[in-house]
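Counting starts at 1 for both ligands and their atoms, in listed order.
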Amino acid sequence: MRLSRSLIPTMKENPAEAQIASHRLMLRAGLVRQTASGIYAWLPAGWKVLQNIARIVAEEQEAVGAQAMLMPTIQSADLWKQSGRYDAYGPEMLRLADRHGRELLYGPTNEEMLTDLVRQSVKSYRDLPQILFHIQWKFRDEMRPRFGVMRGREFLMKDAYSFDLDYEGAVVSYRKMMLAYMRTFQRLGVKAIPMVADTGPIGGDLSHEFIILAPTGESQVFYDAAYDDMDFTKEAVDHNAPADLERFFNEVTHHYAATDEKHDEPVWAKVANQREGRGIEVGHIFYFGTKYAEPMGLTVAGRDGTSVIPHMGSYGVGVSRLVGALIEAHHDEAGIIWPDSVAPFKAVILNLKVGDAGCDALCEAAYAAFKGEALYDDRDDRAGAKFADADLMGHPWQIVVGPRGAKAGMVELKRRATGEKLELSLADALAKIG
Ligand code: ATP
Ligand code: MG
């Protein structure tokens with residue numbers, strides 16, 4: 001993209017309404033704009049980040065055998081009456097009526113809808129297990145929307161649902177999701193710690209929250225330092241082998257990790273390498289047995305011909321919350337520092353003298369080489385303003401082209417995360433970025 005022709009409205013001043021770094025930086029870097037309380041429009045650069053996160057989340061879901069699909073945002077109230085949640089859910093649910101007076105709602109989650117879809121088509125134990133997921137907008141009329149996209153009212157969630165013949169099968173599905181989550185967060189460039197959680201309104205007894213460490217997090221967390229060193233890219237786990245999954249699961253969950261709600265002082269006292277911090281919840285997984293299948297009448301023919309109620313789990317990731325959480329974990333005084341995996345652009349090309357034939361030609365050559373994956377700052381503006389915006393927007397690499405270097409075909413390459421700068425030919429700079 002050429003910055004002169006893009007809607008990336010950066011701001012020099014801190015917006016008064018933003019209390020935390022990620023909210024300030026998302027507004028200042030021109031990623032989002034609020035359109036109503038807790039409801040955000042994703043401007044072009046922000047939308048790229050959101051899609052990059054969604055893509056990684058989806059790839060890791062598919063890697064453990066979950067199937068991608070898409071369910072609608074608008075749901076019929078009837079299904080929620082069948083599960084008994086229509087009344088139980090309370091004022092967080094946005095209730096609507098169509099022109100015929102039929103009751104609808106904007107989905108806060110999709111257990112009922114998918115239970116209904118599976119009920120229509122899955123009839124036998126041979127059709128199980130099934131794990132399905134979608135990445136779709138949710139609406140929850142939060143009492144206090146705050147911190148930008150971290151606690152919005154409309155937000156993007158990855159929600160997966162598993163259906164197994166029995167408890168043992170459901171545990172295998174649950175562990176697959178644990179594996180997918182640990183890999184996802186590592187690819188996103190953040191450390192997320194799995195913590196045993198209360199099961200909340202969805203119910204059940206096997207549940208973990210995934211918490212990213214950041215000083216502005218909503219909860220206090222206590223954890224074993226062992227989590228600082230875990231590397232899941234090296235994990236050789238065959239996700240179809242239950243024994244392998246069990247070993248992996250025990251390894252990632254056996255260290256102490258708890259939020260303040262679940263904190264156990266006597267157990268904590270025995271942890272040798274204690275770490276404390278604040279954390280942001282970015283994911284939550286639950287096993288909830290037959291809680292929906294039973295009232296909604298989902299049954300399949302079991303191996304011996306008798307009718308069996310499948311065991312279910314659901315697995316959420318806050319995709320839009322992650323944009324804010326990643327910034328909380330990766331920023332400095334000057335702005336955002338995107339992990340390479342989610343950055344809206346691989347690099348920014350800074351033309352320090354627009355109109356200078358040498359600068360223009362070298363910048364155009366660099367821009368063409370990226371095939372759309374770079375942002376070209378071709379604005380007729382001061383160098384200082386361009387440097388400040390590049391740091392603010394957080395592109396992993398900056399290619400700086402000035403008139404003197406351009407004559408010799410040289411650029412300055414800066415790595416945003418470290419501040420390291422190198423004088424290189426354009427070809428060498430491109431090779432280094434890869
Ligand atoms: P919280 O305790 O933060 O309200 P929750 O327990 O209601 O979260 P879940 O129902 O488990 O959340 O939803 C799955 C994920 O969706 C959460 O882990 C979180 O990352 C994200 N999420 C939930 N509510 C919001 C929101 N209002 N804005 C943005 N993301 C959200
Ligand atoms: Mg909530």
Exercise: do [X] and [Y] side chains pair donor with acceptor under 3.5 Å:
X      : Y      : result
Gln398 : Asp391 : yes
Tyr292 : Glu111 : no
Gln130 : Gln67  : yes
Arg95  : Tyr106 : no

Self-check item: Best match, Pro108, Gly318, Gly316: closest heavy atom to atom 20 (O) of ligand 1
Solution: Gly318

Quiz item: Given Glu281, His284, Arg321, which has its nearest heavy atom closest to atom 18 (O) of ligand 1?
Solution: Glu281

Which of the atoms in ligand 1, numbered in the order shown and given with their element, are less than 4.0 Å from a heavy-atom of [X]?
X      : result
Glu142 : 24 (N), 26 (C), 27 (N)
Val149 : 29 (C)
Gly283 : 18 (O)

Give yes if a backbone or side-chain nitrogen or oxygen of [X] is under 3.5 Å from a nitrogen or oxygen of ligand 1, and no if not.
X      : result
Arg151 : yes
Gly152 : yes
Arg153 : no

Min heavy-atom dist [X] to ligand 1 below 4.0 Å:
X      : value
Ser320 : no
Asp159 : no
Glu209 : no

Quiz item: Are His255 and Tyr223 close enough that their ring centres sit under 6.0 Å apart?
Solution: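 No, too far apart.
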
Quiz item: So, Tyr167 versus Tyr287, ring centres under 6.0 angstrom or not?
Solution: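 That pair passes the under 6.0 Å test.
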
Quiz item: Does a side-chain N-to-carboxylate-O contact under 4.0 Å join Asp377 and Arg2?
Solution: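 Looking at Arg2 together with Asp377, the answer is no, because their closest N to O distance does not fall below 4.0 Å.
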
Practice problem: Pick out which of Gln19, His23, Glu218 makes a side-chain hydrogen bond (donor to acceptor under 3.5 Å, both in side chains) with Arg146. | Solution: Glu218

